[in-house]
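Letters A, B, ... are given to chains in the order of the sequence lines, protein chains preceding strands, and every chain is numbered from 1.
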Amino acid sequence: MALLDQLNPAQRQAAEAVEGPVLVFAGAGSGKTRALTYRIAHMVCECGIAAKNILAVTFTNKAANEMRQRIRSLVGDGGRGLWAGTFHSMCARMLRADGEAIGIAENYVIYDDGDQLSLIKQSMSVLDIDSKQYKPADVLYSISAAKNELVGPQQYRHASKGPFDDVVRRTYSLYQQKLRENNALDFDDLLMRTVQLLRERPEVLEKYQDVFHYILVDEYQDINGAQYEFVKLLAARRRNICVVGDDDQSIYGWRGANVGIILDFEKDYPDARVVKLEQNYRSTQKILECAYAVISQNSTRAEKRLWTENRPGDNLTQYQAVSAEEEAEWVVGVIDAQVRGKLAQPGDYAVLYRANAMSRVFEEAFMRARLPYELVGGVKYYERAVIKDFLAYLRVIHNPADSVSLQRIINTPARGIGDKTLAVINRIAHLNSCSPYEALRYVANFEDLQKRAREAVGDFHVVMEQLGEKAQTLPLTELCRAVAEDSGYLRALEQSGSAEDARKAEDLKEFVSLAQRFEEREEEPTLQSFLEFIALVSDLDQAEDLGSKVCLMTMHAAKGLEFPIVFMVGMEEGIFPHQRSMGDEYQIEEERRLCYVGITRAQSQLYLTHAHRRTIYGEPRVQTPSRFLADLPDELVDRQVDLSKVLTSSVLGDDDEVTEERYGEKRIDLTDILSRIRRNTDTAKTRTVERIEQEAEEAQRDRTAKERDQQSQRDRRKQRAERPQSAAPVAVAGIAFKAGDRVSHPKFGIGVVVAVSGSSDDLQLKVAFPNSGVKDLAAAFAPLERA
DNA sequence: GGTTATGGATTTTTT
DNA sequence: ATCCATAACC
């Protein structure tokens, strides 16, 4: 049993409970993936279970790949045949194989959000619904929510029947019909229709039940109704179902995830074994304590508490900036100082924000400081217009019934086929009850149209027909090249002369080489498998050179990741928690979970910042610190609240913030803030000299150790989490300085303390000044003041 | 049929 | 502020 000896007792329990229903609560940083992979390895190597009888379902391709890889490295070829995939890819596969039984053609295409929206708009306009009064996006959202709960168009009845529900119901029916006509499924259909298949075709269900003897579901807190039913059906016979998740990290409720499902697991399976992974290997004690202080405010959660054998660590730092710009400057200043002082590398940092819109001011600050950064998320590769255009060509070739794609490309590049011509095409399609693509061939005889338009359509049709022929014979890459050439799209981009189009042309060429790589790698590189891959695998080209740069991302995007040093920025009411969540306690709880996720990303240091004034949608506003900041225990946070900022703007402004600053729901007046600040300074001062010296020395030792350390970057990160170099506070003339502090010097101006060394009598500070560079200063003599 | 003005809204986004 | 969509233009 040497295999499982490498797990802690709780992890081991999770791995050993092979038979029957198992619920694993896996807290942040508790070694969940480790427990899971060892569990599977144990099943294969020690229980004699064939890998091909195990199904591991995840939400992301990344998670699925990671699982596959780690299993392989544990058990080698024994792991061959393991079913590891996302819900959507498993469903797509099942529908491809058996969908015909419920009327799904084998060459169906998968519609993404954009495609869905255009089909919704199309449907609404047919139904003569005013898209100003009812926003298509809202309607789509409701339809999606219905599908996630397995409510079909017929059953769609809302409890509160209003005009909006009526609109949704009517649109829903037509939308589904249009999907059928286009031989398309949207993301939600993949799940809903698979459940339909399994419910209506017992022989199909049995077939899969006979394959998947053991089922494992990751991130179970994020599951929606359809996914729940899918898993439940597959597991019904053998009941070997192991689900893993953390209700405290459920942050996708707005996308249909239902935390209640994980909390109800024991109701579904009363004999379930429940394992809690509560030992955290990631963060310092203080970080975990703060995380708990926040999350424990939530009322609906399974009680559990992370603990760690890691060191207590540094206090958290809270910083109040004057403005969004100064907030970014401060964050970048701290990072820059620490990096220059060799306390950390850019890849050790993450800047986390609530919404992508906040990335910009940080990008600008990082650019000015010439610090390498990486924007994670944002506009995705496959969502770029060029790529979508090109894909639309491929999709029409594969499935001519796809009218959404046809509409996208029929005048891309511009060939003089506008709305009017398109309307004619649609009318012909309607009259002949054929698809718009088939209608193309009749346009030539349609006298209503100008000769020019008819010829343009004819030419386009010929090109597409020829490409369709080529698709039968040419391998994928060649086909892609032919499409790029014959469509005239590449030429149009190259000839346009604009820099933007030149970049698009490059993107397009890059996409062709991506197809080539797919062709070389895949066993069956058909057009169909390629399109499916693109639709379901969005994150193939991520995570390579990440690691040497500061990561900028949303807190959602950070889930599952860890960083030695984390900045959570924009900690203000209305931003975090977000304005649109503030009305509803349930949504506030999700925001709080998001805050918990953010905090638990940090291994050794955590900074929380908020701006006193911020321009939102072009309107300058005075901001209130986030209620989540008030949840943090005072003794664990050094709050750098600059009273002069508050006072200045309060005196200048005439709003009701004049005498009070709000900390969440607690209203406190300025004298209270003053006393808080004093208290915090005192805490810093009362640290014994020995203690401080010890920390400073430790930091120094770590630094020298690091020089020798030849481990890979990854290992280094880990180590830092366990024994991070501390920015040790040092008491000088009654003032505690630590790395990251802002100081002011009469000659050099404002700077940031980068490193501290020496004994209490002879303290040496390294201070980075933006204009004068890094200076070595003796704390006892240099005329330094806190800035 | 393509180009510029106006109005409106504006989170998060594993698939 | 800025992006997007529709509308009124050329």
Measure from CG on A:Leu561 to P on B:dT14 and round the result to the nearest Å. 12 Å

Are side-chain N/O atoms of A:Asn65 and A:Arg68 paired as donor and acceptor at under 3.5 Å? yes

Between A:Phe187 and A:Ala414, whichever has its closest DNA chain B nucleotide further toward 5' is A:Ala414

Hey, what are the protein-to-nucleotides 11-13 of chain B N/O distances that come in under 3.5 Å?
unit_1: B:dT11; atom_1: O4'; unit_2: A:His578; atom_2: NE2; d: 3.2
unit_1: B:dT11; atom_1: O2; unit_2: A:Arg354; atom_2: NH1; d: 2.9
unit_1: B:dT11; atom_1: O2; unit_2: A:Arg354; atom_2: NH2; d: 2.6
unit_1: B:dT12; atom_1: OP1; unit_2: A:Asn356; atom_2: N; d: 2.6
unit_1: B:dT12; atom_1: O4'; unit_2: A:Arg354; atom_2: NH2; d: 3.1
unit_1: B:dT12; atom_1: O2; unit_2: A:Trp254; atom_2: NE1; d: 3.4
unit_1: B:dT12; atom_1: O2; unit_2: A:Arg354; atom_2: NH2; d: 2.3
unit_1: B:dT13; atom_1: OP1; unit_2: A:Thr554; atom_2: OG1; d: 2.5
unit_1: B:dT13; atom_1: OP2; unit_2: A:Asn356; atom_2: ND2; d: 3.2
unit_1: B:dT13; atom_1: O2; unit_2: A:Arg255; atom_2: NE; d: 3.1

Do we get A:Arg592 above A:Phe628's six-membered ring, with its NZ or CZ under 6.0 Å from the centre and within 45° of the axis? no

Is there a side-chain contact between A:Asn61 and the phosphate of B:dT15, meaning an N or O under 4.0 Å from OP1 or OP2? yes

Parallel, tilted or perpendicular: which one describes the rings of A:Phe530 and A:Phe533, with boundaries at 30° and 60°? parallel

How would you list all residue pairs meeting side-chain hydrogen bond (donor to acceptor under 3.5 Å, both in side chains) that involve residues 119-136 of chain A, not counting sequence neighbours? none

Would you mind reading off the distance between A:Ile575 atom CD1 and B:dT10 atom C1', rounded to a whole angstrom? 13 Å

Sequence neighbours excluded, every pair satisfying salt bridge (charged side-chain N to carboxylate O under 4.0 Å, His left out) that has a member inside residues 28-37 of chain A: A:Lys32-A:Asp218, A:Lys32-A:Glu219

A:Ile410 atom CD1 is separated from B:dG1 atom P, nearest whole Å, by 11 Å

From the set B:dT14, B:dT15, B:dT10, return the single nucleotide nearest to any side-chain atom of A:Lys135. B:dT10

Taking atom OH of A:Tyr220 and atom CD1 of A:Ile241, what is their separation to the nearest 0.5 Å? 5.5 Å

Tabulate protein N/O versus nucleotide N/O from nucleotides 5-10 of chain C, keeping only pairs under 3.5 Å, one per line.
none

A:Asp112 CG to B:dT14 C1', in whole Å, measures 15 Å

Test A:Arg395 against every option in A:Asp402, A:Ile409, A:Leu406, A:Leu527 by the side-chain contact (heavy atoms from CB on, under 4.5 Å) rule and name the one that passes. A:Asp402

Which residues satisfy the salt bridge (charged side-chain N to carboxylate O under 4.0 Å, His left out) test with A:Arg408, sequence neighbours excluded? A:Asp389

Whether A:Asn411 contacts B:dG2 is assessed here as follows: a side-chain N or O lying under 4.0 Å from the phosphate OP1 or OP2. Is that the case? yes

Least distance between heavy atoms, A:Asp246 atom then A:Ile262 atom: N-CD1, 4.1 Å

Assess whether a salt bridge exists between A:Glu66 and A:Arg70, defined as any Lys/Arg side-chain N lying under 4.0 Å from an Asp/Glu carboxylate O. yes

Would you mind classifying the nucleic acid contact of A:Arg360 as base, sugar-phosphate or nothing, using non-hydrogen atoms under 4.0 angstrom? sugar-phosphate

Measure the distance from CZ on A:Phe533 to C1' on B:dT15 and round it to the nearest whole Å. 14 Å

Nearest nucleotide by nearest heavy atom, which residue falls closer to the 5' end of DNA chain B, A:Arg415 or A:Asp188? A:Arg415

Let me know the distance between OH of A:Tyr141 and P of B:dT15, rounded to the nearest Å. 18 Å

Going by an N to O cut-off under 4.0 Å, is there a salt bridge joining A:Lys451 and A:Glu455? yes

For A:Thr615, report the nucleic acid contact type (base, sugar-phosphate, nothing); a contact means any heavy atom under 4.0 Å. nothing

Please state how far atom CD in A:Glu364 lies from atom P in C:dA1, giving the value in whole angstrom units. 14 Å

Can you tell me the distance, in whole Å, between the CZ atom of A:Arg621 and the P atom of B:dT10? 15 Å

Regarding A:Arg282 and A:Glu562, does a basic nitrogen lie under 4.0 Å from an acidic carboxylate oxygen? yes

Mind checking A:Gly560 for me? I need base, sugar-phosphate or nothing, with any heavy atom below 4.0 Å counting as a touch. nothing

Give me the distances for all protein-to-nucleotides 4-6 of chain B N/O pairs that come in under 3.5 Å?
none

